[in-house]
Amino acid sequence: MDDINNMWCFACGPQNPIGLKLKFREEGDTYISTFIAGPEHQGYDGIMHGGLVSTLLDEIMARYVYAKGLTAVTAKLEVRYRQPTPIGQELRISGWITSQRGKMYELAGKIALPDGTVTAEGKAMVAIKGDE
Ligand SMILES: CCCCCCCCCCCC(=O)SCCNC(=O)CCNC(=O)[C@H](O)C(C)(C)COP(=O)(O)OP(=O)(O)OC[C@H]1O[C@@H](n2cnc3c(N)ncnc32)[C@H](O)[C@@H]1OP(=O)(O)O
């Protein structure tokens with residue numbers, strides 16, 4: 001999983017022509033990204049496809065562990081779709097660590113609209129690969 005090939009990550013790889021090209025920053029103990037979905041990301045008209053909503057949550061949580069210098073993979077992902085996630089509005093995607101036991105991190109995440117409405121929430125177990 002070297003970084004050269006990781007440049008093709010569907011969610012964050014800058015070289016992936018059909019990827020989401022997410023960028024990230026850390027605010028306190030929270031990892032943040034933003035995304036505006038287009039019609040190419042929708043399922044039903046005007047609504048982001050649920051699989052891509054879960055991709056955003058998966059990425060913000062697993063990549064936070066990766067950003068801490070660890071090779072991390074998602075072992076379990078749970079998504080609660082609270083209400084439709086619209087296209088054309090800036091989505092704020094955030095993730096944070098809730099616990100750690102050995103090589104397993106537990107994280108939570110959410111997607112919020114500019115007015116603060118939460119459209120989806122996630123929980124993940126993220127495993128560290130190898131001897132890190
Ligand atoms: C610039 C570019 C950047 C690029 C940056 C890129 C960031 C990309 C982020 C994307 C994130 C992804 O989508 S990653 C892709 C999707 N995920 C994957 O492909 C992962 C596939 N699964 C695996 O590789 C494996 O199953 C692991 C590593 C998760 C676990 O395997 P393992 O290491 O052999 O561990 P194993 O012996 O099974 O279990 C060890 C302990 O963990 C527990 N455990 C294992 N799995 C689970 C589970 N799902 N839920 C609860 N507990 C679990 C076991 O009970 C055990 O506890 P005990 O008995 O010891 O107490």
Side-chain angles (χ1 to χ4, degrees):
M1 291 198 273
D2 59 275
D3 271 350
I4 291 175
N5 292 324
N6 286 341
M7 295 293 144
W8 284 79
C9 171
F10 176 72
C12 68
Q15 286 184 5
N16 187 330
I18 64 159
L20 305 181
K21 296 189 174 64
L22 297 178
K23 293 186 171 138
F24 305 88
R25 65 183 187 278
E26 192 174 20
E27 290 179 6
D29 292 332
T30 304
Y31 206 43
I32 307 281
S33 186
T34 57
F35 185 69
I36 301 177
E40 67 274 29
H41 303 117
Q42 68 183 26
Y44 288 112
D45 187 34
I47 296 171
M48 193 173 187
H49 194 288
L52 291 176
V53 170
S54 69
T55 296
L56 295 178
L57 289 166
D58 181 22
E59 183 74 12
I60 201 72
M61 294 187 277
R63 202 180 192 286
Y64 195 16
V65 180
Y66 167 86
K68 292 182 177 297
L70 302 164
T71 305
V73 292
T74 307
K76 186 178 180 186
L77 176 66
E78 180 183 318
V79 177
R80 175 154 184 213
Y81 299 96
R82 297 188 73 90
Q83 51 182 281
T85 298
I87 65 168
Q89 289 193 44
E90 184 171 275
L91 307 174
R92 178 183 161 99
I93 309 137
S94 55
W96 57 95
I97 295 167
T98 55
S99 70
Q100 185 211 345
R101 190 170 66 89
K103 292 191 169 191
M104 202 63 78
Y105 284 72
E106 287 190 21
L107 294 99
K110 67 180 179 183
I111 296 176
L113 302 181
D115 69 2
T117 303
V118 174
T119 65
E121 294 171 329
K123 288 183 191 170
M125 297 188 67
V126 174
I128 306 308
K129 300 277 276 185
D131 297 325
E132 298 167 78

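Just so you know, ligand 1 is whichever comes first in the structure, and atom 1 is the first atom listed for that ligand. Sequence positions, counted from 1, serve as the residue numbers for this chain.
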**Q** Under 3.5 Å, N or O to N or O, is Y66 touching ligand 1 that way?
**A**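 By distance alone, the answer is no.
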**Q** Could you tell me which atoms of ligand 1, counted from 1 in the order shown, lie closer than 4.0 angstrom to a heavy atom of A62?
**A**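 Reading through ligand 1 atom by atom, the close ones are 9 (C), 11 (C).
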**Q** Would you mind reporting whether K129 and V73 have side-chain heavy atoms less than 4.5 Å apart?
**A**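 Contact flag for V73/K129 side chains = yes.
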**Q** Where does K103 meet ligand 1, judged by heavy-atom distances below 4.0 Å: at the side chain, the backbone, both, or neither?
**A**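 The answer is neither.
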**Q** At a non-hydrogen distance cut-off of under 4.0 Å, which region of A75 contacts ligand 1 (side chain, backbone, both, or neither)?
**A**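 Under 4.0 Å from ligand 1, A75 contributes backbone and side-chain atoms.
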**Q** Rounded to the nearest 0.5 Å, how far apart are CD1 of I60 and CD1 of I111?
**A**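 Separation between the atoms: 9.0 Å.
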**Q** Using heavy-atom distances, let me know which of L77, T74, V126 sits nearest atom 17 (N) of ligand 1.
**A**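 That would be T74.
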**Q** Give the C-alpha distance, both sets of side-chain angles, the deciding distance and a yes or no for salt bridge (charged side-chain N to carboxylate O under 4.0 Å, His left out) between E78 and K76.
**A** CA-CA 7 Å; E78 180 183 318; K76 186 178 180 186; 5.5 Å; no
**Q** Please state whether the rings of Y31 and Y64 are parallel, tilted or perpendicular, taking 30° and 60° as the class boundaries.
**A**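 Parallel.
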**Q** Is E59 close to F24 at the side-chain level, that is, under 4.5 Å between some pair of heavy atoms?
**A**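 In short, these two side chains touch, coming nearer than 4.5 Å.
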**Q** Backbone or side chain, does any N or O of E59 fall under 3.5 Å from an N or O of ligand 1?
**A**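 No.
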**Q** I want to confirm something. Looking only at heavy atoms, which of M125, M104, K76 is nearest to atom 47 (C) of ligand 1?
**A**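 Closest candidate by heavy-atom distance is M104.
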**Q** Is K129 in polar range of ligand 1, meaning some N or O pair under 3.5 Å apart?
**A**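 There is such a contact, yes.
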**Q** Between atom OG of S94 and atom CG of L107, what is the distance when rounded to the nearest 0.5 Å?
**A**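 Here the interatomic distance stands at 11.5 Å.
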